[in-house]
Asker: 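Got a structure for you, written out below as structure tokens; questions coming shortly.
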Number of protein chains: 2
Amino acid sequence: MQPNSPETVSLRYRPGTHAKGEDTLRRILEVAIEVFAEEGYEGASTRTLADRAKVNLPAIQYYFGSKEGLYRAAIDHIAKFVESRMAALAAQAETLLAGDPTPDELLRMLLAMLDGFVDLVTTDDAPPSACLFITRAEVEDATALDALHNQMMRLVSQPCMDLVARALGRPLDDEAKIRASAILGQALMFKKKGTKMGACPLLGWDAINETRLQTLKTILREQTTAIIRAAMDKNS
Amino acid sequence: MQPNSPETVSLRYRPGTHAKGEDTLRRILEVAIEVFAEEGYEGASTRTLADRAKVNLPAIQYYFGSKEGLYRAAIDHIAKFVESRMAALAAQAETLLAGDPTPDELLRMLLAMLDGFVDLVTTDDAPPSACLFITRAEVEDATALDALHNQMMRLVSQPCMDLVARALGRPLDDEAKIRASAILGQALMFKKKGTKMGACPLLGWDAINETRLQTLKTILREQTTAIIRAAMDKNS
DNA sequence: ACCTGATCCTATCAAGTGATACAGTTTTAT
DNA sequence: ATAAAACTGTATCACTTGATAGGATCAGGT
């Protein structure tokens, strides 16, 4: 069963307030992101989660109320991570759009967002396998994931669509949306881990180091520029 | 547990030889593709599978040896479907590359492959939710899926990379591979079902009808042309 | 020092899992 | 027609799953 029911369990005390408890809580959460990403919600058994976090079984219920609670907490953590990575760019785009930007400014902003998105999906930081977790979130349709979905829309897709539409001097119609989605789609092939058919195995890239990341960004920037330029020519 | 162990069970008889048996076998298989796509391997219980196929529980073991056998059969079915959709185009590309094609011919071939790929990922035919199944196959890392992975490489990625490399007059290096992957990535955002963060929900597209499909294809063709043209200019 | 709440552990539960045994029924071949 | 094989159904197995009970231990505040 997917965690679609609302959280009903309320904890008796306030776990995670002592130094020791806070530590194990973090450990469980971090391991959970990893294991949920690797195995999926159903695939990750509470026993595996507990073992990998080096705690005993009831610790999960103690700290998070239930397996579902832990899943929700993991989603929350990922959402905060995405926020920390993309919020600034999204805000920047919004203020730019509020003014009277030139097409060139709009393109530069779009390229910056694309760069940020590439960073996001190729990163290995903070919550390891955060990206794989998001990839899984794509197919698992728990309502618990709606918040994450909405956030990705708000911080990534929406700003890009707005930028593209304005750059082309068009309303926010299907064409603008399609173009923006396709531009972001370019980057999705290069997700860090957990994609068997993605570009990285094809390229023989076991890991994305700094050099490769720069190459990738440069090419995607070039291509996006070409896309926008051509579309602008056509629309004028 | 993911189905990574080789198939050892051999059936006592030859099920599916009678007319009636063949029918129920197909029914189970079709339902299985749907349910595996929706729920994942672990998530799809044998009881759900049996219920949805309107057969009793042991029918799965009778016809497919085990749940894993059914999963393998489902993968096989999808692989044949992909083959039927992409094999002709892949062969066409290969013969073109064997000759001495002009850049323009290469571009046209690439656009044709892109069109075919868009058809593949947006289709609703044959095995319903075949695409969602493939999306899931992307993250579930059962060795049983390797055949499907390899096939996608062989019939889609590899030909596209070869075409791009040749069109740019380059060897099959990282740049060519990246460009080809990114081009295909554009289409991936528009996968038919089961993608919460994909482009379709963003566009408010509940379903992709013929009109929308044409719009999408036209834009992606335009963008791909722009990408290749710009890259050719730079590389000359 | 001491007490309260936070933390951790062993043992256990009820439900659900994939799989099998085995008997009954239908279909096909001769 | 009749035997053999293909098919279907009921009951049940051994196992894993998420969750809980209830007690032992620890830490922090007074």
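Just so it is clear: chains get the letters A, B, ... in the order the sequence lines come, proteins before strands, and each one is counted from 1. The basis for the numbers below is simple: all heavy atoms, side chains too, and nothing from hydrogens, waters or symmetry mates.
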Asker: Tell me every residue that passes ring-ring contact (aromatic ring centres under 6.0 Å, His included) with Phe190(A), counting only those two or more places apart in sequence or in another chain.
Answerer: none
Asker: Check whether any side-chain nitrogen or oxygen of Tyr63(B) sits under 4.0 Å from OP1 or OP2 of dT8(D), and answer yes or no.
Answerer: yes
Asker: With a 4.0 Å cut-off on heavy atoms, is Ile60(B) in touch with a base, just the backbone sugar-phosphate, or nothing at all?
Answerer: nothing
Asker: Using the side-chain heavy atoms of Tyr62(A), tell me which of these nucleotides is nearest: dT7(C), dT8(D), dT10(D).
Answerer: dT7(C)
Asker: Does Arg47(B) contact dG16(C) through a side-chain donor or acceptor facing the base, at a distance under 3.5 Å?
Answerer: no
Asker: Give a yes or no on whether a salt bridge exists between Arg72(A) and Asp76(A), defined as a side-chain N under 4.0 angstrom from a carboxylate O.
Answerer: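 No, this pair does not count.
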Asker: Taking CG from Leu57(B) and P from dT17(C), how many angstroms apart are they, rounded to a whole number?
Answerer: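 Roughly 10 Å, once rounded to whole Å.
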Asker: Just the rounded figure in Å: distance from P of dT8(D) to CZ of Phe64(B).
Answerer: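 Rounded to the whole Å, the gap is 12 Å.
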Asker: Answer whether the closest heavy-atom distance between the side chains of Glu68(B) and Tyr41(B) falls below 4.5 Å.
Answerer: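 Sidechains of Tyr41(B) and Glu68(B): in contact.
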Asker: So, Glu83(A) and Arg154(A), do they make that salt bridge, N to O below 4.0 Å?
Answerer: yes
Asker: I need the NZ-C1' distance between Lys67(B) and dT20(C), as an integer number of Å.
Answerer: 17 Å
Asker: How long is the line joining CG of Asn56(B) and C1' of dC22(C), in whole Å?
Answerer: 14 Å
Asker: Give a yes/no on whether any side-chain N or O of Gln61(A) is located under 4.0 angstrom from OP1 or OP2 of dT20(D).
Answerer: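 No, because none of the side-chain N or O atoms of Gln61(A) sits under 4.0 Å from OP1 or OP2 of dT20(D).
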Asker: What is the distance from CG of Asp51(B) to C1' of dG18(C), rounded to the nearest Å?
Answerer: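 Checked: the CG to C1' distance equals 14 Å.
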Asker: For dT17(D), does either OP1 or OP2 sit under 4.0 Å from a side-chain N or O belonging to Thr46(A)?
Answerer: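 Looking at the OP1 and OP2 atoms of dT17(D), neither is under 4.0 Å from any side-chain N or O of Thr46(A).
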Asker: Between atom CD1 in Ile28(B) and atom C1' in dT8(D), what is the gap in whole Å?
Answerer: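 One finds 11 Å between C1' of dT8(D) and CD1 of Ile28(B), rounded.
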Asker: Compare side-chain N and O positions of Ser45(B) against OP1 and OP2 of dG16(C) and report whether any pair is under 4.0 Å apart.
Answerer: no
Asker: Assign each of Thr48(B) and Lys54(A) to its nearest nucleotide of DNA chain C by heavy atoms, then name whichever residue's nucleotide is nearer the 5' end.
Answerer: Lys54(A)
Asker: Report yes if at least one side-chain N or O of Ser66(A) is closer than 4.0 Å to OP1 or OP2 of dG18(D); otherwise report no.
Answerer: no
Asker: Looking at every strand, decide which applies to Ala44(A) at a 4.0 Å heavy-atom threshold: base, sugar-phosphate, or nothing.
Answerer: sugar-phosphate
Asker: Leu49(B) has an atom CG; how far is it from atom P of dT17(C), in whole Å?
Answerer: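 For the pair Leu49(B) CG and dT17(C) P, the rounded distance is 11 Å.
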Asker: Less than 4.0 angstrom from a charged side-chain N to a carboxylate O is my criterion; do Arg52(B) and Glu39(B) meet it?
Answerer: no
Asker: Could you give the CG-to-P distance, from Asp23(B) to dC7(D), as a whole number of Å?
Answerer: 11 Å
